[in-house]
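Written out below as structure tokens is the structure these notes cover.
The chains referred to below are lettered A, B, ... by the order of the sequence lines, with proteins before strands, and numbering in each begins at 1. Both backbone and side-chain heavy atoms feed into the values below; hydrogens, waters and symmetry mates do not.
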Number of protein chains: 2
Amino acid sequence: MQDISKPLRSKSYSVPCELCSIGSICIPMALNNTLESVLNRKRSFAKNEILVTEGDEFQRFYIIHSGALKTYVIINGTEQINGFYLPGDIIGLDSITTHKYNNTIKALTTTLACELKYDELMALVTKSTQVRDTIFNLMSQNILNYQKMILAYSQKNAEEKLAAFICWLYTQYAKRGHTSLSIKLSMCRADIANYLGLTIETVSRILTRTQELGILSVRGKYICIKDLSALFQLAAEKI
Amino acid sequence: MQDISKPLRSKSYSVPCELCSIGSICIPMALNNTLESVLNRKRSFAKNEILVTEGDEFQRFYIIHSGALKTYVIINGTEQINGFYLPGDIIGLDSITTHKYNNTIKALTTTLACELKYDELMALVTKSTQVRDTIFNLMSQNILNYQKMILAYSQKNAEEKLAAFICWLYTQYAKRGHTSLSIKLSMCRADIANYLGLTIETVSRILTRTQELGILSVRGKYICIKDLSALFQLAAEKI
DNA sequence: CGTCGTATTGACCTTTCTCAAGTGGGGTGG
DNA sequence: CCACCCCACTTGAGAAAGGTCAATACGACG
């Protein structure tokens, strides 16, 4: 286990609290003293460290400050990746209904995450309509995202899926104010392939092809978007 | 437009209020007089009638009492189906965050749906922790369902997708107490194919093949499940 | 500077799509 | 009441996308 109060690594990208997915409720000045009891701020996890295991009792959400996580389940002995989570994202909303975690959560890189206790958050929801609206908004957004993702993954071919995936990465960072066209992938090809329902070879081939089209520049885990609008067009999404 | 207070058709399958997705908050005895102002009970829609169009201002959820709906968006001029909704399902949770409907909602058959006003529901959430927990539970369940669906549709081949789809239909009805192995599809092959990201021809071929395996018996829109456990196994899900 | 794990590339095979023709059932008009 | 028609569905043959297996290249790390 890691040191609880390990400081933020200046090298890695992180969200300022104002841009975090929980937004306004994360700002101490908005909620004064109530906040401290709800959030155990900034716990650090090492690369490949498992935060929770599928089936564990649900107690707290995780909100990523810096780094990246993946969630997965084991089906027939093989890992099936459910999602990737980046700075500002919240994990655990699906667990409210089951009272336990439905996925294993693992750190892809060194990650700093805020812990948010469920019980205490619920108490705040009743007390403050601002918190209530924030949480409803968050859950609704989550549902909308999943709808879009299902559309994407049922309708798109391999090339479009991969383009959509990179667009998603770009958008996730952009939403938090980080608009660089250079992206460092925190996951390996196998994880991407697994998540998109493709094979490693197909992912590799398509990255090469997209590079030859002048849309991307790929070098290992580093991707540079050369033509953003072409990438979005390939993903069949409106920019 | 239809007669608002058209009575429930006895022929079609419907959920009793106790099994509706909004569950306890739909039972008048639990919420007494507050309920009537929130729910405009049982409005009827004709087959192919459009309830709301993508982009319309969001005001109310729809909870299906009987019949079936589909939601879709138009991408590049073609319809892309987002989901099918059956008795007990609630539509509109994704709209909380956008304040407008993200999909067009259309009736697949004659459908009876309860309308639930958003503003009034939110007021109830603050007043009653029971309502609050019900709604959080509902949204969480929704997120969990989408997670599972994404897994399903990114990892499965055509045969598994279709089996999973029929399992889902069966399960949806079973959850509401309707455990018959005979299912009448309310959607056409084209809709199923669209939704699953397949072609009509593939859907047709797989239905035929699955029938030859003795798992299903297909006759137009009528499907009879001959071997439920084999079907779930084909869908790669635990029963 | 070698080693191990990850990524790329190539040849071949399976699945699904595409295009095209044929079938069948429900509704309408004679 | 029957025949016809239309639309939804089924079936078949060839094409394309993606998967599989195998060899090779790269790169981080000791």
Whole angstrom value for the distance that separates P of D:dT10 from CD1 of B:I206: 12 Å
With sequence neighbours excluded, tell me which residues meet side chain to side chain donor-acceptor pair (under 3.5 Å) with B:N103. A:Q147, B:N82
Summarise protein proximity over nucleotides 19-30 of chain D in one line of letters, 5' to 3': B for base, S for sugar-phosphate only, - for none, counting protein heavy atoms closer than 4.0 Å. SBB-----S---
Look for any protein N or O under 3.5 Å of an N or O in nucleotides 3-8 of chain D and output each such pair with its distance, or none.
none

Quick one: B:Y222 OH to D:dC9 P, roughly how many Å, whole number? 13 Å
Among all residues two or more places apart in sequence or in another chain, which pass the salt bridge (Lys or Arg N to Asp or Glu O under 4.0 Å) test with B:K70? B:E79, B:D191
Where does the angle between the aromatic ring planes of B:Y146 and A:Y146 fall among parallel (under 30°), tilted (30 to 60°) and perpendicular (over 60°)? parallel
Using the test side chain to side chain contact (heavy atoms under 4.5 Å, CB included), find all partners of A:K221 that sit at least two apart in sequence or belong to another chain. A:L185, A:C188
Please report the end-to-end axis angle for the helix from C:dC1-D:dG30 to C:dG30-D:dC1, five pairs per end, rounded to 10 degrees. 30°
Which class fits the ring pair A:F232 and A:Y170: parallel under 30°, tilted 30 to 60°, perpendicular over 60°? perpendicular
Residues in side chain to side chain contact (heavy atoms under 4.5 Å, CB included) with B:T199, at least two apart? B:E201, B:T202
For chain B and DNA chain C, what are the first and last nucleotides along the strand, 5' to 3', with at least one atom under 4.0 angstrom from a heavy atom of the protein chain? C:dT16 to C:dG25
Determine whether A:T111 and A:I64 make a side-chain contact, defined as any pair of heavy atoms from C-beta on separated by less than 4.5 Å. yes
State which residues pass side chain to side chain donor-acceptor pair (under 3.5 Å) with B:T53; sequence neighbours excluded, sorted by chain then number. none
Go through the structure and list residues passing side chain to side chain contact (heavy atoms under 4.5 Å, CB included) with B:A163, not counting sequence neighbours. B:L231, B:L234, B:A235
Please list, chain by chain and in numerical order, all residues satisfying side chain to side chain donor-acceptor pair (under 3.5 Å) with B:K161, sequence neighbours excluded. none
Do the side chains of A:E49 and A:K106 get close enough for a salt bridge, i.e. N-O under 4.0 angstrom? no
Pairing residues for A:K175 by the side chain to side chain donor-acceptor pair (under 3.5 Å) criterion, not counting sequence neighbours: A:Q172
